[in-house]
Amino acid sequence: MTDWNLGLPAGPLERALARCESPAFAAAMQELHDEAAAALASPLRPVARNGGYYHSYFCPDHAAELTFEEHTPGQHACPVDGRIWSGEPFDDSWLWTANRRMAQRAYRLALLWRLEGNRTHLDAARRILTEYAAIYPEVHSPRNDPSVGKITYSALDESVWAIPIAWACHWIWPGVVDDRDLLRTRLLEPAAAHIEAQRTPRIHNYENWLNAALATLGTALGDEALVRTVIDDTYGLTDQLARGVLDDGHWYEGASSYHYYTLGAVLYLAQAREGLSGDPVGNPTMRRMFEAPLRIAYPDDYVPAINDCWYHSRVTDEVGHGIPNGPGFYEVAAGTYGAPEFEAVLARAYRSMPRSNVESLLYGPDEVSDAAAPSLVESNEAASGFAVLRPNLPSDSPGELLLKYGPHGGGHGHADKLALSIYGGGRRWGADLGTPGYGIAINDSWYRHTLSHSTILLEGEEQPPATGEALRYRPLGGNDFGIADVQVHWEQGPYAAVYARRIVLARHGYFIVLTRVEAPVARRAHVVFHHEGMIAGWPDGDGRPADLPDNVSYAHLSDALAWPAEQGAAVQMAVPVNGESSATLTAAFAPLPGARLVTARSPGNPASDLRSTLISEIRGDTFWSGAAFVYGDDVRVAWHSASPDGPPDVVIRRGGDEDPWTFTPAGDARFTYPLGG
């Protein structure tokens, strides 16, 4: 069998051979050498034990990922306070990163050997691969779950691990004639058989990874029947793209990091099938997946951490774990499609980092243009339910407001219809927090709970899943003000037969939020807003300890005070901006019978980064709530009762400028937005 070859495409290696001595790719080659040096010095070795759950490798106190150290597998430091955690689940979950590093290092060592011929790199890659082959068939998961890994915790993790393993075998194949049978029969074939046995019939990011691994292993092994199954059959790649990607190009789970995670699987499948049948590069859906996150990204390239999204995800940096970073994704996109918006991502990224990722060498364009980036767009992503407005906040700084109203997002969705995310001053002032690791208690009690989002709660309970719809959307650009007007109906628990509507009206320097609730019986409603910064000017009247719902989510609020708000209430906040200065925010709430304003502090991400929380509490069955958020000094906000059927009109004064607003059809103010149907 020693004359048998692996069948992965030759194109990536041919491009890398043509580029490896070019100055344009010197940083990428240096990164390969650095990774090789780290691999040669590393104590990591494959172990015959099923790895643990990645999402348990987080500090239970701070919701921050623990610091991975290769030399101390039993000591795991919190990056916030330095506390050392040990034992389970941390020791087993440490293996997730250990196995991933070894697979990626084998990939890079093998590639570097093919580029330069250094036998040391070949031997190091072969050692990793043959040591895995020596143990792989005998390792089994102790868990009796539907989809498990052998080396890793789950079949998903096994797929992420197996793809670079297959490529590493492919690249070292000419130099390991005596080990080919071992690698084929004890590593590649058993991995393909195990992963195939773990497939689950569903449209999901998980299944895309199993499909990608099986397409890679199947192509390497020459098993075209297996490849056709994971591309063409129900729940194969073609079906996943058709049913899992919405009309606006976003993955249906509604989380940007899961969007990239799924795109990563599609990308790896495309790389395994380059120039072969089933390559999805020609499918327009794949290109739309590269485009979609750019339309909702914040001005600093962070992606909104909607649903189960990593808070640190950034188009020009990391976008998830186990996948390329953002520049790696857009190297492939720019090299494949040549679009200016993709090259613009690279140009922005490489102003602060070298062009050192391996994707540039294998798949990127020959050079990266420094042409001006296309302007940020305002967009209503109608299928996903993300309405994006881009006012300047404050008036001299690019901002963004994102109102969420669409599908729930399945198991990775959050119960937060009508949630508002706020970006301004170069910071995520009131953004969705996404999630930390799933294996810690605060993930469910806070990050996934409705209360951590700027939206509506009834009776202190989280919202049930629902899908809202847009009533009206108009961008701010080219208009006096931007409009995002959406609604939702719920049907469970205290939300049964409840209707809610939220309208965001945006101008440069401020925005107004109108919230409507209609319930069949009186409910205790909380209209919640979270914002970075500290309260510097308190509401009028006496603040008293707030009587809040008694549950684990409200227990995360600290320093909670309740203030009278029947006649309206306002706070001033000092909010941070990038640099040394701060901006002043005036948050003014409209008068409402029986209303209170609750001020509190609440966890950010990480949990030790506290934010200010403002809660307008109303008890009733039908009401309009109004709030104005105005940035700058010399600000006055005056709400004036106009109609019992709508919110009060409001006048926003900033210095010598005055913006009167009315919300009735007969209004004659400078800005009118009638609320009727």
Side-chain angles (χ1 to χ4, degrees), residues 53 55-66 78 80-81 83 85 89-90 93 255 305-311 404 408-421 430-466 490 492-496 498 523-531 544-562 596-619:
Y53 187 41
H55 289 280
S56 293
Y57 205 66
F58 285 75
C59 173
D61 294 337
H62 298 96
E65 184 172 354
L66 299 174
C78 171
V80 177
D81 65 359
R83 176 177 175 178
W85 297 84
F90 311 109
S93 58
I306 301 163
N307 291 342
D308 279 351
C309 182
W310 297 114
Y311 191 63
K404 178 188 174 191
H408 179 64
H412 289 297
H414 286 193
D416 64 337
K417 286 297 161 287
L418 312 188
L420 178 66
S421 290
D432 198 321
L433 298 174
T435 49
Y438 303 156
I440 53 177
I442 194 175
N443 189 53
D444 288 326
S445 65
W446 181 249
Y447 293 101
R448 278 180 168 164
H449 196 277
T450 307
L451 184 59
S452 74
H453 305 81
S454 294
T455 185
I456 304 162
L457 289 89
L458 300 181
E459 303 297 346
E461 296 189 19
E462 67 178 350
Q463 297 175 5
W490 292 288
Q492 292 91 33
Y495 295 82
V498 172
R523 297 292 189 195
R524 183 186 189 186
H526 282 169
V527 181
V528 181
F529 297 96
H530 302 283
H531 204 293
R544 300 187 177 185
D547 177 21
L548 296 173
D550 183 15
N551 63 46
V552 293
S553 297
Y554 280 85
H556 289 296
L557 300 181
S558 58
D559 303 327
L561 296 173
R596 300 191 308 162
L597 179 65
V598 176
T599 60
R601 301 285 282 167
S602 64
N605 193 344
S608 54
D609 289 348
L610 299 182
R611 304 188 295 177
S612 290
T613 294
L614 306 174
I615 301 174
S616 180
E617 181 178 273
I618 308 101
R619 187 178 296 276

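Note: hydrogens, waters and symmetry copies are ignored here, and every other heavy atom, side chains too, is used.
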Between [atom1] on residue [X] and [atom2] on residue [Y], distance to nearest 0.5 Å:
| X | Y | atom1 | atom2 | value |
| --- | --- | --- | --- | --- |
| Ser602 | Asp609 | OG | CG | 11.0 Å |
| Leu610 | Ser558 | CG | OG | 5.5 Å |
| Leu451 | Tyr554 | CG | OH | 5.0 Å |
| Leu66 | Trp85 | CG | CH2 | 8.5 Å |
| Ser421 | His453 | OG | NE2 | 8.0 Å |
| Ser452 | Asn443 | OG | CG | 9.5 Å |

Worksheet entry | Whether Tyr495 side chain and Glu461 backbone form a donor-acceptor pair below 3.5 Å |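 Yes: the side chain of Tyr495 pairs with the backbone of Glu461.
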Heavy atoms only: give me the nearest [X]-[Y] pair and the separation to one decimal.
| X | Y | value |
| --- | --- | --- |
| Trp446 | Pro603 | NE1-O, 3.2 Å |
| Gly434 | His414 | O-CE1, 3.7 Å |
| Val80 | Ser608 | CG1-OG, 3.8 Å |
| Gly430 | Arg611 | C-NH1, 4.1 Å |
| Asn307 | Ala255 | CB-CB, 4.0 Å |
| Pro549 | Gly460 | CG-CA, 3.8 Å |

Worksheet item: Among Thr435, Asp416, Asp308, whose side chain to side chain donor-acceptor pair (under 3.5 Å) with Arg448 holds?
Response: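 Exactly one candidate clears the test, Asp308.
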Are [X] and [Y] side-chain neighbours, meaning at least one heavy-atom pair lies under 4.5 Å?
| X | Y | value |
| --- | --- | --- |
| Ile456 | Val528 | no |
| His526 | Thr450 | no |
| Leu557 | Ile615 | yes |
| Pro436 | Tyr447 | yes |
| Gln463 | Leu418 | no |

Worksheet item: Using the ring of each side chain (for Trp, its six-membered ring), is His55 parallel, tilted or perpendicular to Phe58, with breaks at 30° and 60°?
Response: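 Correct class here is parallel.
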Practice prompt. Give the ring-plane orientation class for Tyr438 versus Trp310, where under 30° counts as parallel, over 60° as perpendicular and anything between as tilted.
Written response: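 Parallel, since the angle between the ring planes stays under 30°.
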Item to complete: Would you check if there is a donor-acceptor pair between the side chains of His530 and Thr613 at a distance under 3.5 Å?
Response: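 The criterion, which ignores hydrogens and geometry beyond distance, is satisfied for His530 and Thr613.
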Discussion item. Assess the residue pair Thr455 and Lys404 against the criterion (side-chain contact (heavy atoms from CB on, under 4.5 Å)); give the C-alpha distance rounded to whole Å, side-chain angles, the decisive distance to 0.1 Å, and a yes or no.
Written reply: CA-CA 10 Å; Thr455 185; Lys404 178 188 174 191; over 6 Å; no
Worksheet item: If you count the non-hydrogen atoms of other residues, nucleotides and ligands that lie under 6.0 Å from CZ in Arg544, is the total more than 12?
Response: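 For Arg544, atom CZ is not crowded (no more than 12 foreign heavy atoms under 6.0 Å).
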Practice prompt. Give the intermediate values and the outcome of side-chain contact (heavy atoms from CB on, under 4.5 Å) for residues Leu457 and His449.
Written response: CA-CA 10 Å; Leu457 289 89; His449 196 277; 3.9 Å; yes
Practice prompt. Verify side-chain contact (heavy atoms from CB on, under 4.5 Å) between Cys59 and Arg83, making sure each step is shown before the conclusion.
Written response: CA-CA 9 Å; Cys59 173; Arg83 176 177 175 178; over 6 Å; no
